[in-house]
Colleague: 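Please see the structure below; I have some questions.
Order of appearance sets the numbers: ligands from 1, and atoms from 1 within every ligand.
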Amino acid sequence: MPPVTRLAPSPTGALHLGNARTFLVNWLLARQQGWRIVLRIEDLDSPRVKPGAEASVLEDLRWLGLDFDEGPIRQSDRLDRYRAAVDRLLAEGRAYPCVCTRRDVERAASAPHAEDGATIYPGTCRDRFESVAAAERFAGRGVAIRFRVDSEPIEFLDAFAGFQRFDPERQLGDFVIGRSDGSAAYQMAVVVDDAESNVTEVIRGDDLLSSTPRQILVYRALGKPQQIPRYTHLPLVVGADGRRLAKRHGDSRVESYRRCGVPSERVLALLARWCGIDTGDSVTAQGLLNRFNLTHLPRNPILFTPECDKFLREGAG
Ligand code: GLU
């Protein structure tokens with residue numbers, strides 16, 4: 001079986017240049033090394049899913065020349081699989097119902113904080129309810145399901161970010177795998193999907209680095225430790241102020257450059273520069289295949305500056 005990777009866009013908006021950079025790196029690694037590419041649409045966060053976003057992402061990928069071998073697989077078609085996995089972990093005592101609201105968790109004075117500022121769940125509902133039904137009766141509504149972590153450190157070797165070690169109790173806390181509306185949370189869906197698609201390589205932004213130990217715990221709890229993929233976390237593309245790429249940094253959507261006549265080759269030339277490859281003003285994804293080398297990728301966050309935007313817009317025909 002060849003290695004398998006996936007492109008996993010969330011159709012909560014159009015692709016921005018940061019997403020495109022991640023997909024390009026993923027695609028280049030895959031096509032250099034003969035991995036299969038699965039396209040998976042992560043459309044579980046239904047209130048935030050935007051009509052038309054999936055079509056726009058598909059068009060952007062086609063325009064950039066990033067093809068795939070399987071999919072699109074939609075998470076919204078797979079709710080039963082996630083439910084079965086959550087129920088299994090509940091039945092085995094690896095997970096428990098939780099009636100706390102976000103505000104309860106934030107207010108809990110004893111809640112320690114992870115380095116990234118996220119609140120660590122203080123464990124209020126651990127061993128509190130006999131069953132999900134009992135928790136729901138208590139709360140008078142649907143309840144979330146949390147994975148029970150223990151103190152054993154989680155270690156893995158990231159193919160770009162290097163050796164990683166997390167203390168689950170101190171840095172992660174019991175995390176949500178099932179949401180109170182009955183749908184699965186990201187940490188569960190991603191593992192069920194990656195395992196079923198036989199994904200062996202996960203390439204994504206390093207904002208998800210601390211999700212990886214959680215996902216490793218879920219793989220183990222589901223009895224699939226041999227399926228844990230190899231992880232490659234890439235430095236994020238950020239605005240000139242160092243903050244995560246957002247509207248305040250201008251319109252960095254691939255779609256808006258495409259619509260105003262910027263050639264895809266020019267967008268790819270900028271993405272290539274962000275990968276440490278100087279191609280001048282124009283290159284195709286295919287043209288980068290024999291030039292891309294993961295070890296040449298800059299180690300610091302990549303800056304999307306007004307000059308980057310100017311470079312792209314100057315190319316509009
Ligand atoms: N859908 C996620 C995103 O767009 C990616 C999740 C993943 O790669 O595991 O950020």
Side-chain angles (χ1 to χ4, degrees), residues 3-30 35-50 53-58 60-61 64 66 68 70-78 82 85 116 118 156 158-161 164 172 175-177 179 183-219 222 224 227-238 243-246 252-255 301-302:
V4 178
T5 188
R6 78 304 198 276
L7 308 179
S10 300
T12 49
L15 282 194
H16 59 57
L17 291 170
N19 307 128
R21 184 288 316 255
T22 302
F23 291 161
L24 175 65
V25 170
N26 208 330
W27 183 88
L28 287 167
L29 288 168
W35 309 340
R36 281 177 62 73
I37 302 177
V38 177
L39 178 70
R40 180 170 76 228
I41 307 292
E42 302 211 320
D43 58 352
L44 278 188
D45 197 355
S46 43
R48 293 181 57 229
V49 167
K50 297 231 164 57
E54 179 186 322
S56 158
V57 168
L58 288 171
D60 287 341
L61 290 174
L64 291 167
L66 309 180
F68 47 89
E70 194 184 322
I73 294 172
R74 285 182 198 84
Q75 288 192 321
S76 56
D77 290 336
R78 298 174 40 75
Y82 311 139
D116 61 4
F156 61 96
D158 187 278
F160 187 77
Q164 305 292 320
L172 311 177
F175 56 91
V176 174
I177 55 172
R179 299 195 296 198
S183 66
Y186 161 71
Q187 307 294 0
M188 175 51 93
V190 94
V191 171
V192 170
D193 289 342
D194 283 346
E196 262 183 53
S197 297
N198 293 308
V199 166
T200 56
E201 304 283 339
V202 168
I203 290 110
R204 59 189 177 193
D206 65 9
D207 54 328
L208 290 169
L209 197 53
S210 67
S211 283
T212 296
R214 295 176 169 97
Q215 290 165 19
I216 289 175
L217 283 167
V218 174
Y219 269 103
L222 291 174
K224 300 178 192 293
Q227 278 191 265
I228 295 170
R230 195 159 74 119
Y231 293 95
T232 305
H233 287 91
L234 311 173
L236 280 193
V237 177
V238 297
R243 290 161 73 188
R244 179 194 277 266
L245 213 52
S252 69
R253 292 173 304 165
V254 173
E255 181 185 78
I302 289 144

Colleague: Tell me, which residues have any heavy atom less than 4.0 Å from some atom of ligand 1?
Modeller: Arg6, Ala8, Ser10, Glu42, Tyr186, Val190, Arg204, Leu208
Colleague: Is a donor from one side chain sitting under 3.5 angstrom from an acceptor on the other, for Arg36 and Thr200?
Modeller: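 Note: Arg36 and Thr200 side chains miss the donor-acceptor criterion.
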Colleague: Taking only residues two or more places apart in sequence, or in another chain, which ones meet Ser211 in a side-chain hydrogen bond (donor to acceptor under 3.5 Å, both in side chains)?
Modeller: Gln187
Colleague: For Asp45, enumerate each residue passing the side-chain hydrogen bond (donor to acceptor under 3.5 Å, both in side chains) test, keeping only those at least two apart in sequence or located in another chain.
Modeller: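 side-chain hydrogen bond (donor to acceptor under 3.5 Å, both in side chains) check on Asp45 returns Arg48.
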Colleague: Check each of Ile37, Asn26, Thr5 against Glu201 using the side chain to side chain contact (heavy atoms under 4.5 Å, CB included) test, and report the only one that passes.
Modeller: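 Exactly one pass, corresponding to Thr5.
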Colleague: Between Val192, Ile177, Val190, which is the residue that forms a side chain to side chain contact (heavy atoms under 4.5 Å, CB included) with Tyr82?
Modeller: Val192
Colleague: Output all residues satisfying side-chain hydrogen bond (donor to acceptor under 3.5 Å, both in side chains) with Ser76, sequence neighbours left out; order by chain, then residue number.
Modeller: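 Checked Ser76 against side-chain hydrogen bond (donor to acceptor under 3.5 Å, both in side chains); matches are Asp43.
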